[in-house]
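In what follows, a single structure is set out as structure tokens and then discussed.
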Amino acid sequence: MPEVPAVPRAAELSAAVSAAFAADGPLSRALPGFEARPGQLDMADAVCAVFADGGVLLAEAGTGTGKTLAYLVPAILSRQRALVSTGTKNLQEQIFFKDLPVLRESLGVPFSATYMKGRGNYLCLHRFDALRAAGFQAPVSRPRDAYSHIHYMRVIDEWIDTTETGDRAEIEDLPEDLSFWNDIAATTENCVGMECPRYQECFVVRMRQRAAESDVVIVNHHLLCADAAVRQSNFGEVIPSCSFAIVDEAHQLEDVATQYFGLSVSSYRLDDLARDVGRALGARLVSDPDRAEQIAADEVRIREASRAFFAAVDMLRHELPGGAASDSRLRVRSQNMQRLTEEGATLIAALEALEADIALTKDVPEDVLALSRRASELRDEIRFLLRADDPDYVYFLETRGRGVFLRASPIDVSSIVREVLFDRMRGTVLTSATLTVDGSFEYVRSRLGLRRAQEIRLDSEFDYQRQAILYLPKKMPDPRSPQFVDAAARQILDILKLTRGRAFVLFTSYANLREVERIASAELEYPILVQGSAPRSALLREFKATPHSVLLATSSFWQGVDVVGDALSCVIIDKLPFVSPGDPITAARIEAIAARGESAFEQYQVPLAILALKQGLGRLIRHRSDRGALAILDPRLRTMGYGKRFLASLPAAPVTLQLSDIERFFDASADDPA
């Protein structure tokens, strides 16, 4: 990165930013119809103070505020290297491909930018070479996948000659769930580092080099936390050092940090290790026949020990309450883990044998030494998980499809996030449309370990009184009763007939989604799209392209989804999105709060649900010309005391208990020239 002037003082930077946003300023000239909004200017001024004086800023910027430009312009004009982390890849790409080019042309300040994703998004040339040498042969789970496998391998082979980044997102038609991508991705587990014959050409290495020379580095929260975890382990860094960070969609940070600072051992990881040992032997990377024979025996031993271990894990799962359900997460404690002692010891011994036999083998390439390191990491993680005695972690079993996982997650990530992220930055901006509960930042401050922070809360620039209506049914059964789903389905059908489809129907459970799908598919004349029937991005494309369509979805569509215009004119939510108290992480956090003599329901469960509800409803109004109906079918909004907290946090749209008001709203919208 070239040497730049010292950071301007707050007044100087604020003046430069104000000039950029002025009515006759560079942004106005570069963006047709641009007009700085009051909230946008207030936020930009607050961000200036962070880049000039340091510290932490919490900025809740309602939808339509224009928060992205409000933080990018001060960051660029400060002439300091800035790290921008987003909750989604979509926002990452919007900033890099849309916002930064405009600012580069308009601000008159030269700067460079790079965006970084997790390693799994990038092709590993070394691993691809190995598959090419094998004639593109790799295992497929089903015979009918073989043609698809060969086809996409050839597509990738041609793409290598043109790509500069190696980012799989460049191949537009590449399926998100492509079965063999993990076999050729540049994941950490399979990386051989500087010993790799393709190291100088490595897409990940080149990405890091570009980032190290850039003024603006754009990452997502997953990579941000992965980098922090690597730094915590003293294994170097993934992201180049920056003194200033901007965390957009900051409401997601706790969940992502919980994932990255935990441990997870799965049947998939053991299978992958054994498979890669077999491939190394097949490629004759171990030249000593006796050592190769011993390592081959280790491979068999690991496979057998892994099958026995995860069979025991699965048996334990069925013995726990709720364990018969598929795709479930079940909490375990140290006494439960004693059931796995024998199988765990056998698996650990098999991993140690592989590690020792590779260590005793002379002249092995880095690919084989990497297998030894993987075995060592797995051994240590299994030992930690089997003890299940660290009070700072919650231990649980999880099934996902055919995979079985044994996990440990930190109960409280606040001190971790503070130490590895905030404390190493001179200045940090955390922003989102949903950071406050009851008008206060206290919840997010406590969850992220923020001791001191400046705060600014900016209302949405949208006119919800004119643009939206909130419908709350007059009579609905208790959401926990067997009658609720049928009643909800009737309400959903009635609403969709008035809106002529054009809706997201968001559920808190797959069970309710499936039942409503069954009823709606028989009675609704509009196209119905269902989460899980296609990749998320494909469903969104189809929803936008299909007139009057209806999307039935669960948690992954509650946030990070942007549909502007008439295609989305209604958002219906079946129940208040309380996280199940039976979820292991939630249960452990409830216990920790109760142990302090505090109310977990009031201080954790309700605030978490309020933020989730605000995110879900925020899918509707994305532009000043958007209009639509919001509907929440959960009667607890009106019947329970805490319902007032939810209602006070929602957009200031008119509230109605009458379905007929929705019809009148859309009739009036059709006549509204705005």
Side-chain angles (χ1 to χ4, degrees), residues 118-131 134 136-142 145 149 152-153 156 168 176-193 196 204 226 259-260 262-283 285-286 295-311 313-314 343-344 346-355 357-358 364-383 385 397-407:
R119 297 181 59 115
N121 291 280
Y122 298 94
L123 178 72
C124 174
L125 292 169
H126 179 48
R127 301 181 75 197
F128 190 80
D129 287 345
L131 281 186
F136 288 157
Q137 296 303 309
V140 293
S141 57
R142 296 170 299 184
D145 291 339
H149 167 84
Y152 284 113
M153 289 294 285
I156 293 169
R168 61 170 292 170
E176 292 182 20
D177 58 348
L178 190 65
S179 60
F180 66 85
W181 177 260
N182 285 339
D183 295 330
I184 55 175
T187 54
T188 303
E189 282 194 338
N190 297 285
C191 182
V192 297
C196 178
V204 173
Q259 172 186 341
Y260 273 89
L263 296 174
S264 175
V265 172
S266 67
S267 52
Y268 292 132
R269 280 186 70 187
L270 271 298
D271 289 346
D272 286 348
L273 174 63
R275 179 201 60 200
D276 289 346
V277 170
R279 285 181 177 174
L281 294 173
L285 297 182
V286 179
I295 292 172
D298 294 335
E299 177 202 347
V300 174
R301 187 177 173 189
I302 288 172
R303 289 186 185 277
E304 293 175 348
S306 175
R307 279 195 292 268
F309 177 75
F310 284 103
V313 171
D314 198 47
E343 292 84 357
T346 302
L347 179 55
I348 287 171
L351 292 167
E352 289 177 332
L354 175 64
E355 183 183 5
D357 286 330
I358 291 176
V364 293
E366 186 63 28
D367 300 66
V368 179
L369 294 177
L371 297 173
S372 175
R373 290 193 294 270
R374 286 168 62 185
S376 175
E377 290 169 5
L378 278 164
R379 176 203 63 202
D380 292 344
E381 291 179 22
I382 292 168
R383 280 178 174 163
L385 290 164
L397 312 179
E398 182 174 7
T399 54
R400 189 186 305 163
R402 297 181 180 179
V404 182
F405 298 77
L406 191 56
R407 301 189 191 274

Exercise for review: Using a strict cut-off of less than 4.0 Å between a Lys/Arg side-chain nitrogen and an Asp/Glu carboxylate oxygen, indicate whether Asp272 and Arg275 qualify as a salt bridge.
Suggested key: yes

Point to revise | CD-OG distance between Glu381 and Ser376, expressed to the nearest 0.5 angstrom | key: 9.5 Å

Exercise for review: For Glu299, enumerate each residue passing the salt bridge (charged side-chain N to carboxylate O under 4.0 Å, His left out) test, keeping only those at least two apart in sequence or located in another chain.
Suggested key: Arg303

Point to revise | By side chain to side chain donor-acceptor pair (under 3.5 Å) - contacts of Gln259 (at least two apart) | key: none

Review point. What are the two closest heavy atoms between Ser264 and Phe405, and how far apart are they?
Key: OG-CD2, 3.8 Å

Practice item. Could you check if a side-chain atom of Ile156 sits within less than 4.5 angstrom of a side-chain atom of Trp181, using non-hydrogen atoms only? Key: yes

Review point. Do Ile358 and Asp298 come close enough that some side-chain heavy atom pair is under 4.5 Å?
Key: no

Exercise for review: In plain terms, say whether Asp276 and Arg374 are close enough for a salt bridge, that is, a side-chain N and a carboxylate O under 4.0 Å apart.
Suggested key: yes

Practice item. Applying salt bridge (charged side-chain N to carboxylate O under 4.0 Å, His left out), name anything that partners Glu304, two or more places apart in sequence or on another chain. Key: none

Point to revise | 4.5 Å side-chain heavy-atom contact, Phe310 and Leu270 | key: yes

Study note, to complete from the structure: Tightest non-hydrogen contact, residues Tyr122 and Val204, listed as CB-CG2, 4.0 Å

Practice item. In sequence, state the C-alpha distance, the side-chain angles, and the governing distance for Leu369 and Val364, and then conclude on side chain to side chain contact (heavy atoms under 4.5 Å, CB included). Key: CA-CA 7 Å; Leu369 294 177; Val364 293; 3.6 Å; yes

Revision key, fill the gap. So OG1 of Thr346 and CZ of Arg301: to nearest 0.5 Å the spacing works out to 8.0 Å

Practice item. Kindly write out the residues that satisfy salt bridge (charged side-chain N to carboxylate O under 4.0 Å, His left out) with Arg379, not counting sequence neighbours, or none if the list is empty. Key: Glu355

Practice item. Dump the intermediate steps for side-chain hydrogen bond (donor to acceptor under 3.5 Å, both in side chains) on Arg119 and Thr187, then the final yes or no. Key: CA-CA 5 Å; Arg119 297 181 59 115; Thr187 54; over 6 Å; no

Review point. How long is the span from the CG atom in Asp271 to the CD1 atom in Ile302, to the nearest 0.5 Å?
Key: 11.0 Å

Check your understanding: Is there a donor-acceptor pair closer than 3.5 Å between any side-chain N or O of Asp380 and the backbone N or O of Glu377?
Key -> no

Practice item. State, yes or no, whether a side-chain contact exists between Leu371 and Leu273 at a heavy-atom distance under 4.5 Å. Key: yes

Exercise for review: Determine, stepwise, if the pair Leu378 / Leu347 fulfils side chain to side chain contact (heavy atoms under 4.5 Å, CB included).
Suggested key: CA-CA 10 Å; Leu378 278 164; Leu347 179 55; over 6 Å; no

**Study point:** Test side chain to side chain donor-acceptor pair (under 3.5 Å) applied to Arg307 - qualifying residues, sequence neighbours left out
**Key:** none

**Study point:** Note, Leu385 side chain near Val265 side chain (heavy atom, < 4.5 Å)
**Key:** yes

Side-chain donor-acceptor pairs of residues 123-131 under 3.5 Å, sequence neighbours excluded:
from: His126; atom 1: NE2; to: Asp367; atom 2: OD1; distance (Å): 3.4
from: His126; atom 1: NE2; to: Asp367; atom 2: OD2; distance (Å): 2.5
from: Arg127; atom 1: NE; to: Asp183; atom 2: O; distance (Å): 3.1
from: Arg127; atom 1: NH1; to: Asn182; atom 2: O; distance (Å): 2.8
from: Arg127; atom 1: NH1; to: Ala185; atom 2: O; distance (Å): 2.9
from: Arg127; atom 1: NH2; to: Asn182; atom 2: O; distance (Å): 3.3
from: Arg127; atom 1: NH2; to: Asp183; atom 2: O; distance (Å): 3.1
from: Asp129; atom 1: OD1; to: Arg132; atom 2: NH1; distance (Å): 2.8
from: Asp129; atom 1: OD1; to: Arg198; atom 2: NH1; distance (Å): 3.1
from: Asp129; atom 1: OD2; to: Arg198; atom 2: NH1; distance (Å): 2.4

